[in-house]
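Both backbone and side-chain heavy atoms feed into the values below; hydrogens, waters and symmetry mates do not.
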Amino acid sequence: MAVKIYIPRDSGAIALGANQVARAIECELEVRGIEATIVRNGSRGLYWLEPMVEVETENGRVAYGPVKPSDVSSLFDHNLTSGGSSPHPLLLGRPEDLPFLARQTRLTFARCGITNPVSLEDYEAHGGLRGLRNALALTPEQIVEQVTESGLRGRGGAGFPTGIKWKTVLDARGPQKYIICNADEGDSGTFADRMIMEGDPFVLIEGMIIAAIAVGATRGYIYLRSEYPYAETVLNQAIEVARNAGVLGPSVLGSGHAFELQVRMGAGAYVCGEETALLDSLEGKRGMVRAKPPLPAHEGFLGRPTVINNVISLASVPIIMDRGATFYKDFGMGRSRGTIPIQIAGNVKHGGLFEAAFGLTLGEIVEDIGGGTATGRPVRAVQVGGPLGAYFPPSLFDTPFDYEAFAAKDGLIGHAGIVVFDDSVDMLKQARFAMEFCAVESCGKCTPCRIGSTRGVEVLDRLADGVEPERQLEIVTDLCNTMKFGSLCALGGFTPYPVMSAITHFPEDFRPAPLRQAAE
Amino acid sequence: MQPASTDLITSIMPIIDRWKQEEGPLLPILNGILREFGYVPREVIPTIADALNLSRADVYGVVSFYHDYRAEPTGRHVLKLCRAEACQSMGGDAVAERLQQLLGVRFGETSIDGSVTLEPVYCLGLCACAPSAMLDGEVIGRLDEAKAAEIAAEVRS
Ligand SMILES: Cc1cc2nc3c(=O)[nH]c(=O)nc-3n(C[C@H](O)[C@H](O)[C@H](O)COP(=O)(O)O)c2cc1C
Ligand code: SF4
Ligand code: FES
């Protein structure tokens, strides 16, 4: 049997040189006359070790990283293909034994980084399609019940119970129903959707098929942001494979249920991640937020009953249908059940994807798992939940990762991205950026969001210039209140979170300019 | 709005025909045109409007809403630099400043020699390898002085 060498095709690994490493390994194999198969897997999510190369040996897989093209020759000198009998400095050992992976509970991401993302055989050999097969033996009501019972809440940010959403669509009448996957992943600091789409696309496809069978839908779309061209390629390859294998198409696994799936690309608009703006965009309109009701579940895509769910919500369904609702529900705390793929990003030593049951504290995530800052300086602020999420100081590090616990501290989990900043951060600048981002991305429907954000930028600029600082702070606080209560969606409504948390927790950065300089 | 030249129409018709019968065809058509030309020439609007039975104003409204649908051709290279928070936390602003100097352009501009267009982007999903960028569709992570210089050399060559 030819040796298998795994080199990720994940765009994070590629951004760090995985393609060059793959080419170097191919060359080296040829020069040395060694036979081996190169598999382009997903990423395991340990980005400080990417590109991470793995070799399959008799004793399981062995990892090396971070590998540069210039390391390749010496890796072969150290018997890379025969299991590294003489240890190379980049040898990491068995990947599962790396503490960052060993401490995780990988349910949704069980296969990510292990399998060939576009091999259905690999997928099935690692437990894929078991959830779908179980679902096919149940009634739609029973599937919905399982998902409800599991406690799964939407991972797109709002945390709405997935089973309840599905029930509404199941009960809705309409000539055509749709399953729409929200793959807009616009939140900065987040990449879980991207990783699973690039690393295990079949799990998303399987989740969408189960949703379709549960609610009686026969068509689906994945609305993917245009910033993710690599994910587009992998998804389309996987859909093609699934269609040829009869997993998608007129009769899913011979069950008689039809399900057709297409990937649709966005065009660079953050607000299109909001579900109703997404629907408008998919219909070919400007991405304007719709007033609710009607709910998308009743009048969604083209006015028809529609399930719209985040990538991770849908990709978590197969494991629930495979292992059962109770298995999933037993992880987590309070009303946050199951696991959540936490994305540790920014100025952090060990950045990457960490899937764990809800309930870790923010401090454990940043300090123990993330290892503190990459620059080695003290952590000063952590933004949780994307550009609309609050900035937390280390004094709030005892907050457990749980929807309600974060809400109680005037924050949000959102899509579970965590961006770490060291002590060189200027929180006034961060607050200004939040307002600026809102101004750039506003859909323009509500005045508080459209005008308020632009005003917010001006006011914070005056504050930075030391013009009547007390007055500017009053105005910005007032603006935030107006935006919070006068906006139709969370873009205008939640921009106050980063702004006000910066002002509340880091007041020293908002003092008049001369004082700030003196303090430095 | 200028009517489109016959050449332009000939080249966009296959894209329109590919999507016309699908649900929600407008974005796939515009994305197809963007891929083909690197921008969305506004002259295509009447043709698309006719083909999809929409008003020109409707199509114009959509084209102008999305950041991706630029009206002008780009330089030979397109560099998108992430300006969002994770990249900021790793010195993204300094790299952005440096690249603007090296390339002689500000965000949203194309260099005078037509070599490169510089655009801001808000997150590429590479937040654990920040600061990040995309050059002609290829991703680049952990940008620093050296990589910025490499990028500048590449687009100039
Ligand atoms: C401005 C804005 C941007 C959003 N962006 C996303 C996004 O990129 N991805 C996502 O899944 N949900 C996003 N949401 C949340 C969606 O509106 C919606 O709650 C979600 O798609 C529902 O799926 P879920 O229940 O599976 O989370 C956004 C919401 C707002 C207000
Ligand atoms: S809050 Fe902003 S983005 Fe949301 S609907 Fe209103 S104007 Fe549009
Ligand atoms: S914030 Fe820059 S890649 Fe995500």
Among [options], single out the residue with the greatest number of heavy-atom pairs under 4.5 Å to chain B.
options: A:Cys272, A:Ala374, A:Ser11, A:Gly351; result: A:Ser11
options: A:Ala269, A:Gly352, A:Gly287; result: A:Gly287
options: A:Gln262, A:Arg264, A:Met288, A:Lys285; result: A:Arg264
options: A:Met195, A:His350, A:Glu232, A:Glu283; result: A:Glu232
options: A:Arg286, A:Glu227, A:Arg194; result: A:Arg286
options: A:Pro498, A:Ser226, A:Gly386, A:Ala345; result: A:Ala345

So for [X], is it side chain, backbone, both, or neither that comes closer than 4.5 Å to the heavy atoms of chain B?
X: A:Gln383; value: side chain
X: A:Ile344; value: backbone
X: A:Gln343; value: neither
X: A:Leu302; value: side chain
X: A:Asn19; value: neither
X: A:Pro229; value: side chain

### Under the side-chain hydrogen bond (donor to acceptor under 3.5 Å, both in side chains) test, residues paired with B:Ser55 that sit two or more places apart
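side-chain hydrogen bond (donor to acceptor under 3.5 Å, both in side chains) list for B:Ser55, sorted by chain: B:Asp58.
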
Under 4.0 Å between a Lys/Arg side-chain N and an Asp/Glu carboxylate O for [X] and [Y]?
X: B:Asp93; Y: B:Arg83; value: yes
X: B:Glu119; Y: B:Arg106; value: no
X: B:Glu72; Y: B:Arg70; value: no
X: A:Glu50; Y: A:Arg44; value: no

### Query
Looking only at heavy atoms, which two atoms of A:Ile222 and A:Ala183 are closest? And how far apart?
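Closest pair (atom of A:Ile222, atom of A:Ala183, distance): CG2-CB, 3.8 Å.
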
Under a 4.5 Å cutoff for heavy-atom pairs, which residue among [options] has the most contacts with chain A?
options: B:Val121, B:Leu54, B:Val62; answer: B:Val62
options: B:Gly91, B:Cys129, B:Ala84; answer: B:Cys129
options: B:Leu124, B:Leu26, B:Leu34; answer: B:Leu124
options: B:Ala133, B:Gly141, B:Gly137; answer: B:Gly141

### Message
Within residues 431-440 of chain A, which residues come under 4.5 Å of chain B, heavy atom to heavy atom?
### Response
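The residues closer than 4.5 Å to chain B, in numerical order, are A:Phe433, A:Phe437, A:Val440.
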
### Counterpart residues, ring-ring contact (aromatic ring centres under 6.0 Å, His included), relative to A:Phe301 (two or more places apart)
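With neighbours one apart ignored, the set is A:Tyr178, A:Tyr221.
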
### Task
Starting at CG of B:Asp50, measure out to CD1 of B:Ile45 and round the result to the nearest 0.5 Å.
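Between atom CG of B:Asp50 and atom CD1 of B:Ile45 there are 12.0 Å.
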
### Query
Rounded to the nearest 0.5 Å, what separation is found between the OG atom of B:Ser115 and the CZ atom of B:Arg156?
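The distance works out to 4.5 Å.
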
### Query
Can you find a pair of side-chain heavy atoms, one from A:His415 and one from A:Glu185, that are under 4.5 Å apart?
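Yes, their side chains come closer than 4.5 Å.
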
### Query
Do the side chains of B:Glu43 and B:Leu8 get nearer than 4.5 Å, heavy atoms only?
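A side-chain contact under 4.5 Å exists here.
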
### Query
Checking A:Arg225 against A:Tyr228: charged group under 6.0 Å from the ring centre and within 45 degrees of the axis?
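Yes - A:Arg225 lies over the ring of A:Tyr228, closer than 6.0 Å to its centre and within 45° of its axis.
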
### Task
Test B:Tyr60 against B:Tyr69 for ring pair (Phe, Tyr, Trp, His ring centres under 6.0 Å), laying out the working first.
CA-CA 11 Å; B:Tyr60 181 79; B:Tyr69 301 145; over 10 Å; no

### Side chain / backbone / both / neither for B:Ser64 at chain A, heavy atoms under 4.5 Å
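Contact with chain A is through the side chain of B:Ser64 alone.
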
### Message
Going by side-chain contact (heavy atoms from CB on, under 4.5 Å), name the residues that satisfy it together with A:Asp422, two or more places apart in sequence or in a different chain.
### Response
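Only A:Asn347, A:Thr373, A:Thr375, A:Arg377, A:Ser424 meet the side-chain contact (heavy atoms from CB on, under 4.5 Å) criterion with A:Asp422.
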
